[in-house]
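Written below as structure tokens is the structure these notes are about.
These numbers come from the heavy atoms of this one structure, side chains and all, not from hydrogens, waters or symmetry mates. Here is how names work: the chains are called A, B, and so on, in the same order as the sequence lines, proteins then strands, and each is numbered from 1.
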Amino acid sequence: MTATPPLPEYLSRLNPEQRAAVETLDGPLLVLAGAGTGKTRVLTTRFAHLLMTGRAQPHQVLAVTFTNKAAREMRERVGAILQRPVEGLWLGTFHALAARMLRRHAELVGLRPDFTILDTDDQTRLLKQVMDAAGVDLKRWPPAGLMGVIQRWKDRGLAPGKIPVAESSDYANNRAEALYASYQARLAALNACDFGDLLLHVTEILRNHPEVLERYHRLFRYILVDEYQDTNLVQYMWLRLLAQGHRNICCVGDDDQSIYSWRGAEIENILRFEKDFPGAVIVRLESNYRSTRPILAAASHLISRNQGRLGKTLRAGRRDADGEQVCIVSLWDSEEEARSVGERIEQAQRKGTSLSEIAILVRAGFQTRSFEERLITLGIPYRVFGGAKFYERQEIRDAIAYFRATVSASDDLAFERIVNVPKRGLGDTALTSLHVAAREQGVPLRIAAERMVEGGALRPKPRAALRELLEGMARWREAMEREGHVVVAARLLEESGYTEMWKNDRSAEAPGRLDNLKELLRAMADFPDMAAFLEHIALVMENDDKAEGEKVSLMTLHAAKGLEFDMVFLPGWEEGLFPSQRSLDEGGAKSLEEERRLAYVGITRARKCCVISHAANRRIYGNWTSSIPSRFLDELPEGEVTREGAERRPIPVPSSVFGGGPLLGTRRPRLIEAGAWEVESRPTPEIAVGSRVFHQKFGYGTVTASEEGRLDIEFEKAGTKRVMAGFVELVH
DNA sequence: GTCCAAACGGTTTTT
DNA sequence: CCGTTTGGAC
């Protein structure tokens with residue numbers, strides 16, 4: 001009699017469907033993981049299981065995610081199951097993995113292995129130069145528009161010269177494809193590529209070089225893909241090429257949470273899985289351990305209205321599954337809505353809910369403002385997610401451009417960015433002659449600049465300034481090897497006058513920018529040298545959300561995907577705003593389904609309490625505009641939701657937020673029933689005339705007058721403003 | 001070359 | 001309404 005081997009602990013913690021997803025190792029597998037059904041657990045356990053059973057060595061598994069955060073989490077959790085750190089993994093984002101492959105085979109697409117990866121800002125500047133050189137009227141045809149067209153082509157795996165008629169663009173009088181070709185030529189000349197190129201080039205290589213493809217087939221026995229519903233066509237093609245080897249591809253995703261079509265994601269990839277990979281097994285994860293039954297009922301009912309879906313139903317898996325119903329609140333205007341949310345937050349706080357368990361999720365970024373203002377008045381700490389990323393900030397980009405230009409003589413884009421920052425009197429005239437010289441001699445800008453300084457070109461003043469910069473760069477580059485990149489980087493920022501520039505800036509952001517520069521230097525210390533640091537920074541956009549302190553989270557629905565909170569507010573459910581009119585105009589019925597998925601994502605973020613609201617009147621771009629409740633409110637199951645406040649449909653002809661234009665003008669509509677709302681203003685701290693204060697938006701200033709909670713303040717940067725006392729804080 | 005006022009445009013976002 | 005970009009004046 002043979003004894004059944006004991007079930008490993010990591011498998012015993014899974015429910016049957018999760019176990020099936022982990023233990024179905026051979027052949028293509030699609031795991032349809034509904035919200036809150038333990039998707040990450042399945043993915044990481046499967047990975048660990050492959051290693052534990054000896055099916056694969058760590059380097060024989062290709063594991064792909066969309067974000068660095070997800071990659072990091074997977075690495076940590078796999079390590080935790082194995083109880084040791086795992087090394088040598090092919091685990092990372094699509095872009096990081098593609099970059100790693102591309103560096104190995106760069107020459108096959110005409111690049112050197114040390115190619116630079118450009119970010120959005122560099123991309124647009126480069127394209128603008130290309131368009132300008134081609135004589136395109138940049139006013140009529142903004143470069144950002146063409147950038148979008150090119151990106152979509154890249155998302156679909158289309159190189160210049162291979163654009164089918166159906167996918168062509170009439171941008172800039174049908175010159176889009178030619179401009180695309182010139183742009184790619186410029187990139188090649190700079191030994192650079194943009195984010196889209198990483199996958200485009202690699203896919204090209206795998207397609208055209210069977211020996212390379214075969215090498216990866218031998219290497220990767222198993223492929224794991226996270227968030228498959230968000231893949232675009234080129235990512236799909238890359239995966240399919242790699243999966244042709246062993247056919248052991250496991251994709252995890254949720255068609256109901258596909259919300260990124262506007263940046264190239266194709267929900268069809270996941271819908272088509274069985275066709276693409278014949279014999280595929282599909283496992284559905286439907287037991288939700290996150291939310292209460294009423295919340296799941298509301299979400300399920302809503303999403304069932306979508307046509308294009310594979311279909312699955314969320315079951316409440318929690319023991320305490322019963323809970324309060326989803327609450328729909330009808331309000332008069334956006335200000336009342338903000339007050340209502342504020343009150344409910346205070347109530348919850350009194351009952352002991354932690355602020356970090358509360359989130360306000362909006363459709364569009366501008367909606368956060370009214371809530372911020374309200375929370376400031378109430379003195380409730382909050383955090384807005386997803387503003388400018390650390391690495392996208394001006395000061396960080398400037399500093400990196402300095403490093404890049406110093407290290408690499410051929411990095412024209414970096415050189416151009418910092419050559420006159422801080423202002424050293426090098427304007428258009430000087431730059432143009434620099435460009436001309438560089439092109440004539442066929443050398444990078446910095447070399448051309450060196451020659452111009454030597455040769456005595458330019459006027460004395462700019463020449464002296466340029467000489468100083470070039471000498472500095474030579475000095476820093478030389479010192480970098482001897483003294484270490486961090487020390488030299490710090491000195492570079494000082495000696496170039498860059499930190500000085502921000503020290504002299506009186507604006508409210510300046511001190512923060514100096515802090516960010518320090519933070520950048522600190523982060524640099526984790527890397528052996530400047531080159532390693534620059535590679536990291538190009539691909540890893542850290543979203544510096546250090547969750548310090550108890551704060552209410554304010555973010556867009558998109559940013560909330562993958563997160564969960566005890567209490568979730570979903571304001572602004574009005575036609576035109578959500579579903580967004582613009583989205584509907586562009587994509588019709590398909591877009592409506594995506595908006596509905598967004599609503600589904602929103603509701604399923606809530607563990608215990610979900611409050612949805614809509615306002616009859618809202619101020620948008622300064623005009624008071626009326627709107628009718630969102631159709632999504634009608635799609636929630638009656639009997640499973642509670643409705644509060646009379647639904648007040650506006651009396652005048654309803655106008656959609658973005659479509660109909662202003663109907664009510666700048667006057668705020670009066671509430672019909674008087675006294676339905678009271679403005680309870682919170683006692684404001686006494687702020688005396690002459691006090692020094694800080695305001696979130698205007699920065700530092702001095703109070704010149706004070707009456708009834710309103711202060712006149714002379715701001716150092718923003719001038720004189722009248723603001724509510726609640727919006728400023730005293731500075732000693 | 002720099003600075004300020006008018007003009008413009010204003011979902012969603014990761015790498 | 002309000003932040004960003006641009007074009008014209010010094």
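At a threshold of 4.0 angstrom between heavy atoms, the contacts of A:I259 with the nucleic acid are absent. Using a 4.0 Å heavy-atom distance criterion, A:G365 is classed as a sugar-phosphate-only contact. Heavy atoms of A:E595 sit under 4.0 angstrom from at least one base atom. Across all strands shown, A:K139 has heavy atoms under 4.0 Å from sugar-phosphate atoms exclusively, and none from any base.
When rounded to the nearest whole Å, the span between CG of A:L361 and P of B:dT12 equals 14 Å. Nucleotide B:dT12 holds its C1' atom 16 Å from the CG atom of A:L554, rounded to whole Å. Regarding A:D585, its CG atom lies at a distance of 14 Å from the P atom of B:dG10, rounded to whole Å. Summarising the geometry, the separation between CD on A:E372 and C1' on C:dC1 is reported as 16 Å, rounded to the nearest angstrom. Taking atom CZ of A:R140 as the reference point, atom P of B:dG9 lies 14 Å away to the nearest angstrom. The CD1-P distance, from A:I620 to B:dG9, rounds to 19 Å in whole Å. At whole-Å resolution of the value, CG in A:L539 and P in B:dT13 are 21 Å apart. Protein atom CG of A:D132 is 15 Å distant from nucleotide atom C1' of C:dT6, rounded to whole Å.
Dashed line: the shortest gap from a side-chain N or O of A:R363 to OP1 or OP2 of B:dT11 is not under 4.0 Å. Between A:T120 and the phosphate of B:dT15, there is no side-chain N or O to OP1/OP2 separation shorter than 4.0 Å. Taking 4.0 angstrom as the limit, A:T93 places none of its side-chain polar atoms (N or O) nearer than this to OP1 or OP2 of B:dT14. Using a 4.0 Å cut-off, some side-chain N or O of A:N420 falls inside it from OP1 or OP2 of B:dT2. In this model, the phosphate group of B:dT14 is not approached by any side-chain N or O of A:N68 to a distance below 4.0 Å at OP1 or OP2.
For the pair A:V225 and A:V252, the minimum side-chain heavy-atom distance is 4.5 Å or more.
A residue-by-residue look at A:S583 and A:R424 shows that A:R424 has its nearest nucleotide of DNA chain B further toward the 5' end. Each of A:A430 and A:L584 was matched to the nucleotide of DNA chain B holding its nearest heavy atom; the match closer to the 5' end belongs to A:A430.
Geometrically, A:R618 does not engage A:W624 in a cation-pi contact, judged by NZ or CZ lying under 6.0 Å from the ring centre and within 45° of the ring axis.
Going from the C1' atom of C:dT5 to that of B:dT12 covers 23 Å, rounded to whole Å.
Applying the 90° cutoff around 0 to the glycosidic angle, B:dT11 is assigned syn.
With B:dT13, C:dC1, B:dT15 as the candidates, the nucleotide lying closest to the side chain of A:E392 is B:dT15. In the set B:dT2, B:dT12, B:dT15, the nucleotide with an atom closest to the side chain of A:A364 is B:dT12. Relative to the side chain of A:R619, the nucleotides C:dC2, B:dT12, C:dC1 differ in distance, and C:dC1 lies closest.
Ring-to-base geometry places A:Y621 in a stacked arrangement with B:dG10 (centre distance under 5.5 Å, plane angle under 30°). Stacking here means ring centres nearer than 5.5 Å and ring planes tilted less than 30 degrees, and by that measure A:W262 stacks onto B:dT12.
Panel note: side chain A:Q235, backbone A:N232; a donor-acceptor pair is recorded below 3.5 Å. Checking side-chain atoms of A:T556 against main-chain N and O of A:V362 turns up no donor-acceptor pair under 3.5 Å.
The distance from atom CD1 of A:I267 to atom CG of A:D230, rounded to the nearest 0.5 Å, is 9.5 Å. One finds the CG atom of A:L89 at 10.5 Å from the CG atom of A:L62 (value rounded to the nearest 0.5 Å).
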Practice task
For DNA chain B, just give me the dot-bracket, please: Watson-Crick or G-U, both distances below 3.5 Å, ( ) intra-strand, [ ] crossing earlier pairs, | paired with another strand, . unpaired.
Solution key: ||||||||||.....
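Ring centers of A:H558 and A:W262: under 6.0 Å apart, within the cut-off.
Using the six-membered ring where Trp is involved, A:F632 and A:W573 have ring planes that are perpendicular, over 60° apart on the 30 and 60° scheme.
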Practice task
Starting from the C-alpha separation in whole Å, work towards a yes-or-no answer on side-chain hydrogen bond (donor to acceptor under 3.5 Å, both in side chains) for A:Y600 and A:N306.
Solution key: CA-CA 11 Å; A:Y600 173 80; A:N306 271 7; over 6 Å; no
